[in-house]
There are 2 protein chains.
Amino acid sequence: MADTQENQIDNKAFTEECHKVLMAMSDALYAIGGKWKLMIIIAMGRGNKRFTEIQRQVAGISARVLSSELKELEMNGFIIKKVENGYPVTIEYELLPYSYTLEEVVAAMTKWGMQHREKVKAEMSAEK
Amino acid sequence: MADTQENQIDNKAFTEECHKVLMAMSDALYAIGGKWKLMIIIAMGRGNKRFTEIQRQVAGISARVLSSELKELEMNGFIIKKVENGYPVTIEYELLPYSYTLEEVVAAMTKWGMQHREKVKAEMSAEK
DNA sequence: CTGTATCCTGGATGATACTG
DNA sequence: CAGTATCATCCAGGATACAG
């Protein structure tokens, strides 16, 4: 009985904690989910600042999509667009400090991605 | 001159490293990207094993989508479907060990998601 | 309860051409 | 170089109904 009550309490707390975690994950996916945002941030973190540089580095992204992703990233405080007047005008994108709060996420995902690639490769050669 | 050469070497190595990281991220996004997979794994990690339990916990997912996501997760070795014969038949899904390799990723993302939520909330109240 | 079958729509993306 | 405009396409996912 006491056991049953405790279990109910535990389950309730557990469910609430689960909701919190799921909500956090949902928030994260909303902000940085999708096919490109993290990859753009990685490329920029490696020193790519110009539109064309980023596009070359992030294989497969089109100008239209890169343009709209950069706008979203700017709106959400991850990057800033800098326009230098001159001949010709020079445009550079830079990471803002908020991008660096993603370092752990990026590190964890890339590490996992590398392990996963190894696993898939091993399976490929295993099955004939 | 030597400086220029060294820079070229550095840049080349740097670009290659960037490619590796981007490829790893791309692999990871391919396997666990999308709106639902990580959330399903979180819910299952909290003890939800039945189809309906998972659907209730992962707010907003439809039966059709959950069904197809579970199939993909099973194909990719993240979960296993267990069928217990009885009256009625009981079906449970369980995380396989490979799901636990995602722990760091999940932890990093949920932590970031919580911080992000706080930041957004702070901005909301700031701008009247 | 645990799904599957259909139908359908919006938004994301690709392709291509064009501009300052 | 750094994009924008336009059009066509595709598919994830929602809604609903149904089935074992």
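Proteins get letters first, then strands, A, B, ... in listed order; numbering begins at 1 in each. Basis for what follows: all heavy atoms, side chains included, without hydrogens, waters or symmetry-related copies.
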Answer yes or no: is there a side-chain heavy-atom contact under 4.5 Å between [X] and [Y]?
{"X": "A:H116", "Y": "B:T101", "value": "no"}
{"X": "A:M39", "Y": "A:I61", "value": "no"}
{"X": "B:K81", "Y": "B:E94", "value": "no"}
{"X": "A:L66", "Y": "A:V58", "value": "no"}

Does the pair B:K82 and B:Y93 meet the rule for a side-chain contact (heavy atoms from CB on, under 4.5 Å), with working shown? CA-CA 6 Å; B:K82 292 198 170 172; B:Y93 295 90; over 6 Å; no
Report the distance from atom [atom1] of [X] to atom [atom2] of [N], rounded to the nearest whole Å.
{"X": "A:Y30", "N": "C:dG11", "atom1": "OH", "atom2": "C1'", "result": "13 Å"}
{"X": "A:K82", "N": "D:dC1", "atom1": "NZ", "atom2": "P", "result": "22 Å"}
{"X": "A:L66", "N": "D:dC1", "atom1": "CG", "atom2": "P", "result": "13 Å"}

Testing the basics here: between B:S99 and B:F78, what is the closest heavy-atom pair and its distance to 0.1 Å?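 Scanning both residues completely, I find the closest heavy atoms to be OG-O, 2.7 Å.
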Would you tabulate the nitrogen or oxygen pairs shorter than 3.5 Å linking the protein to nucleotides 14-16 of chain C?
{"residue": "C:dG14", "atom": "N7", "partner": "A:R64", "partner atom": "NH2", "Å": "2.7"}
{"residue": "C:dG14", "atom": "O6", "partner": "A:R64", "partner atom": "NE", "Å": "3.3"}
{"residue": "C:dG14", "atom": "O6", "partner": "A:R64", "partner atom": "NH2", "Å": "3.3"}
{"residue": "C:dA15", "atom": "N6", "partner": "A:R64", "partner atom": "NE", "Å": "3.3"}

For nucleotides 1-3 of chain C, tabulate all protein N/O to nucleotide N/O atom pairs closer than 3.5 Å, reporting atom names and distance.
{"residue": "C:dC1", "atom": "O3'", "partner": "B:R50", "partner atom": "NH2", "Å": "3.2"}
{"residue": "C:dT2", "atom": "OP1", "partner": "B:R50", "partner atom": "NE", "Å": "2.6"}
{"residue": "C:dT2", "atom": "OP1", "partner": "B:R50", "partner atom": "NH2", "Å": "2.3"}
{"residue": "C:dT2", "atom": "OP2", "partner": "B:T52", "partner atom": "N", "Å": "3.1"}
{"residue": "C:dT2", "atom": "OP2", "partner": "B:T52", "partner atom": "OG1", "Å": "2.6"}
{"residue": "C:dG3", "atom": "OP1", "partner": "B:K81", "partner atom": "NZ", "Å": "2.8"}
{"residue": "C:dG3", "atom": "OP1", "partner": "B:Y93", "partner atom": "OH", "Å": "3.3"}
{"residue": "C:dG3", "atom": "OP2", "partner": "B:Y93", "partner atom": "OH", "Å": "2.4"}

Could B:K20 and B:E16 be called an ion pair, given the rule that one side-chain N must be under 4.0 Å from one carboxylate O?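 Salt bridge between B:K20 and B:E16, a charged N being under 4.0 Å from a carboxylate O: no.
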Just one of B:R117, B:K119, B:K121 clears the salt bridge (Lys or Arg N to Asp or Glu O under 4.0 Å) bar with A:D27, so which one?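 That would be B:R117; it is the only one of B:R117, B:K119, B:K121 passing the salt bridge (Lys or Arg N to Asp or Glu O under 4.0 Å) with A:D27.
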